[in-house]
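Notes follow once the structure below has been shown.
Residues take their numbers from the sequence shown, with the count starting at 1. Since this is a predicted model, take the numbers as computed values, not measurements. Counting starts at 1 for both ligands and their atoms, following the listed order.
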Amino acid sequence: MCGIVGYIGNKSVNSVLIVGLIRLEYRGYDSAGIAVIDNGELEVRKEKGKIKNLENLLKIQPVEGNIGIGHTRWATHGEPSKLNAHPHIDCNQKIAICHNGIIENHLHIRTELIKKGHLFRTETDTEAIVHLLEQEMKRKNTKLLKDVIPSVIEQIEGKYAIVILSEYEPDKIYFMKDGSPLLYGKNTEESYLASDIVAIVPQAKEYYVFKDKEWGWITKKEIYVFNRNNEPVTIELEKVKLQAIHLDKGNYEHYMLKEIYEQPDIFRKIIEARTGEKGKVRFDEMKLSNDILGRITRILITSAGTSWHAGLVGKLYLEQFARVATEVDLSSEFRYRNPIAEGDTLVIAISQSGETADTLAGIHEAKARFCKVLSFVNRTESTIARESDAYIDLMAGPEIGVASTKAYTSELIHLLYFALYLSGIKWLTPREEREEIFNEIRKLPAKMEYILNKADQIKEWAKRFKDSKDFIFLGRQYNHPTALEGALKLKEISYIHASGYAGGEFKHGPIALIDETVPVVCIAPKTSVYEKMVSNIQEVKARKGKILAIVTEGDDQIPEIADYVFEIPYVPDYLTPILTVIPLQLLAYYTALERNCEPDQPRNLAKSVTVE
Ligand code: M6R
């Protein structure tokens with residue numbers, strides 16, 4: 001959460017920083033600011049709210065220069081306000097810093113520095129660092145940040161990616177990183193720093209992802225990096241593959257809608273990449289040997305939010321096809337629960353962003369117990385990918401909308417492929433059966449398109465139920481996670497309270513909520529639990545709940561009972577969650593529009609949760 005960017009080059013720094021910040025807005029959007037060196041002087045501009053407010057401020061109070069840093073904030077310490085927006089400055093207004101992360105001992109540092117006469121202006125944890133830099137410069141009688149950064153790193157506790165601009169050194173941007181993402185981007189005669197590569201394409205042609213405890217500085221043409229022992233580090237640059245076209249909204253009004261509609265094409269790409277010969281799954285990037293995987297006796301999945309829902313479906317795949325006992329944990333629980341995980345346990349971390357703090361902590365926990373960690377990530381340059389023993393690329397392309405959509409279905413299909421891969425190693429599913437499953441998977445993109453072509457039906461549902469106070473989602477087995485996911489999507493972007501339940505649990509309490517005002521979305525495709533879902537629907541009907549059913553084409557029972565029906569094409573049980581979630585993504589999106597909510601940037605949220 002929070003996005004930071006830095007630039008030195010020949011361009012006007014304002015526009016570079018603003019473009020970068022807009023690309024990083026998914027990381028937080030409650031306030032934003034920049035600091036630049038304008039004619040040798042440090043100038044700061046900041047504003048509450050989205051980047052466009054900062055842009056408007058810059059029209060009234062312009063700044064000029066070729067070197068600067070910027071920040072878009074998701075508040076942790078101190079309310080979202082202009083005052084608490086980054087960059088933060090020292091007493092003498094010569095140094096500015098932007099920070100992503102949390103400084104845990106900031107109160108102690110603040111108290112000590114106030115005693116020494118420092119003037120604090122904000123409620124943020126970040127401000128402690130800039131005053132600490134200033135104090136260390138005074139103590140060491142230096143104006144050079146390189147003389148004081150090592151001792152500041154020694155004194156701060158917590159997570160950070162920090163960029164620093166100083167009027168005393170107007171041709172350098174300093175950085176330090178521990179626990180929060182930061183990377184360097186290079187082009188001829190220009191250098192960038194950013195939380196995410198999306199901020200610096202297409203300009204940056206090569207990049208380097210900093211490791212924890214690295215610090216240093218960039219100039220227009222050079223970079224200097226030091227490790228935790230303050231020894232120089234030689235970095236290896238990688239080519240930037242991401243193209244700007246992948247970051248555009250195209251003709252869509254919102255990223256979320258674009259991302260929902262991208263799903264069929266993403267699946268075509270995934271199917272082509274993953275389908276090997278003779279019923280084999282191809283995972284070219286996954287560096288765990290068959291020998292290691294063949295010895296796995298237990299799997300623990302750790303993930304958060306939508307990725308946790310994918311994990312719940314993944315458990316069913318892994319147990320069904322690979323016959324490996326699998327547990328699924330919320331990352332925020334896993335990291336504190338003293339799990340039983342030993343050498344033959346494989347820990348799977350699922351994360352679209354690859355930066356979720358709790359999931360990363362789960363990986364550290366697993367590695368401390370000598371477990372192998374395989375991550376499923378959509379960002380292969382992410383911290384989670386790099387800290388795992390191996391990763392699988394979800395191949396969904398950049399997901400910008402805060403509500404995860406295409407990453408979820410990509411997680412599901414990759415978990416299914418992985419279960420089939422394991423079952424191949426263990427000689428469990430015969431080749432013919434795997435080929436039959438591949439055939440069914442190949443039909444998915446067309447079936448997804450068929451569903452998307454009927455979006456108007458879902459628009460009607462959204463219009464009809466936009467003022468409901470509560471929504472309930474019911475599903476069983478493969479579609480219990482779909483119920484959880486449908487409820488999460490709706491509440492996060494339309495702010496309607498929604499809960500998902502397993503159909504079988506309904507009578508154990510939640511049914512008390514039903515009356516004629518409550519819409520109940522029943523996910524009831526033709527599967528082995530179909531009849532059980534029909535019973536649930538009858539129970540809702542008997543209590544006058546409004547039934548919105550997702551069924552398989554040709555169903556002749558549920559349409560007789562339900563108030564509204566949306567048909568999906570037939571697929572085998574295990575593929576149903578990949579299709580049933582699509583109408584629910586659309587329902588959340590259109591309901592948000594009906595309620596004048598901004599689906600891409602819902603209140604209080606940020607796309608990647610990089611703090612605990
Ligand atoms: O990047 P991750 O998959 O690790 O993110 C996990 C959750 O923060 C994320 O899925 C969140 O729940 C989404 N906003 C849901 O749409």
Side-chain angles (χ1 to χ4, degrees), residues 1 3 25-29 74 180-181 195-196 198 254-257 259-260 263 301-314 328-335 347-363 373 375-385 387-388 391-412 414-415 473 481-482 484-495 498 500 581-582 584-589 591-592 597-612:
M1 340 190 68
E25 213 170 9
Y26 74 87
R27 301 177 68 88
Y29 33 81
W74 187 90
S180 299
S195 304
D196 184 336
V198 299
H254 295 102
Y255 281 110
M256 181 177 176
L257 191 63
E259 288 159 6
I260 292 173
Q263 293 175 104
I301 299 181
T302 178
S303 47
T306 287
S307 295
W308 177 61
H309 300 154
L312 296 173
V313 180
V328 192
D329 256 307
L330 289 163
S331 301
S332 51
E333 295 292 318
F334 177 74
R335 63 184 293 189
V347 172
I348 291 182
I350 309 172
S351 177
Q352 185 287 129
S353 62
E355 300 294 347
T356 299
D358 286 323
T359 306
L360 187 58
I363 292 177
V373 178
S375 59
F376 286 61
V377 287
N378 199 33
R379 305 298 301 272
T380 55
E381 76 289 357
S382 64
T383 313
I384 287 180
E387 300 218 356
S388 303
Y391 67 81
I392 285 174
D393 180 0
L394 295 172
M395 299 177 63
E399 191 180 65
I400 315 268
V402 165
S404 186
T405 52
K406 61 177 183 172
Y408 178 66
T409 47
S410 302
E411 287 169 349
L412 296 191
H414 275 104
L415 285 159
F473 290 75
T482 316
L484 302 179
E485 175 61 6
L488 175 63
K489 284 294 87 92
L490 188 71
K491 64 191 152 195
E492 78 176 319
I493 62 166
S494 77
Y495 319 143
V581 77
I582 297 174
L584 306 189
Q585 295 169 344
L586 291 167
L587 178 63
Y589 174 76
T591 308
C597 301
E598 161 54 88
D600 281 343
Q601 294 178 341
R603 70 185 180 203
N604 303 339
L605 291 177
K607 178 87 182 149
S608 77
V609 182
T610 56
V611 292
E612 198 182 330

Are side-chain heavy atoms of [X] and [Y] found at a separation under 4.5 Å?
{"X": "Arg379", "Y": "Val198", "result": "yes"}
{"X": "Ser331", "Y": "Trp308", "result": "no"}
{"X": "His254", "Y": "Glu598", "result": "yes"}

Starting from [atom], what is the nearest protein heavy atom, named by residue and atom, and what distance separates them?
{"atom": "atom 11 (C) of ligand 1", "result": "Thr306 N, 4.2 Å"}
{"atom": "atom 1 (O) of ligand 1", "result": "Ser353 OG, 2.7 Å"}
{"atom": "atom 5 (O) of ligand 1", "result": "Thr356 OG1, 3.5 Å"}
{"atom": "atom 8 (O) of ligand 1", "result": "Val609 CG2, 4.0 Å"}
{"atom": "atom 7 (C) of ligand 1", "result": "Ala304 O, 3.7 Å"}
{"atom": "atom 14 (N) of ligand 1", "result": "Glu492 OE1, 2.9 Å"}

Pull out every atom of ligand 1 sitting under 4.0 Å from any heavy atom of [X], numbered as shown with elements.
{"X": "Ser351", "value": "1 (O), 2 (P), 3 (O), 4 (O)"}
{"X": "Ala403", "value": "16 (O)"}
{"X": "Lys489", "value": "15 (C), 16 (O)"}
{"X": "Ser307", "value": "2 (P), 3 (O), 10 (O)"}
{"X": "Val402", "value": "13 (C), 14 (N), 16 (O)"}

(Q) Any nitrogen or oxygen of Gln352 lying under 3.5 Å from a nitrogen or oxygen in ligand 1? Just yes or no. (A) yes
Those residues at least two apart in sequence (or on a different chain) that pass side chain to side chain donor-acceptor pair (under 3.5 Å) with Ser494 are none
Those residues at least two apart in sequence (or on a different chain) that pass side chain to side chain donor-acceptor pair (under 3.5 Å) with Thr405 are none
- [ ] Applying side chain to side chain contact (heavy atoms under 4.5 Å, CB included), run through Glu411 and Gln352 and close with a yes or a no.
- [x] CA-CA 8 Å; Glu411 287 169 349; Gln352 185 287 129; 4.3 Å; yes
Show, in sequence, the C-alpha distance, side-chain angles and deciding distance for Val313 and Tyr408, and conclude whether the side chain to side chain contact (heavy atoms under 4.5 Å, CB included) test is met. CA-CA 11 Å; Val313 180; Tyr408 178 66; 4.0 Å; yes
Pair Thr306, Ser404: side-chain N/O donor-acceptor within cut-off below 3.5 Å:
no
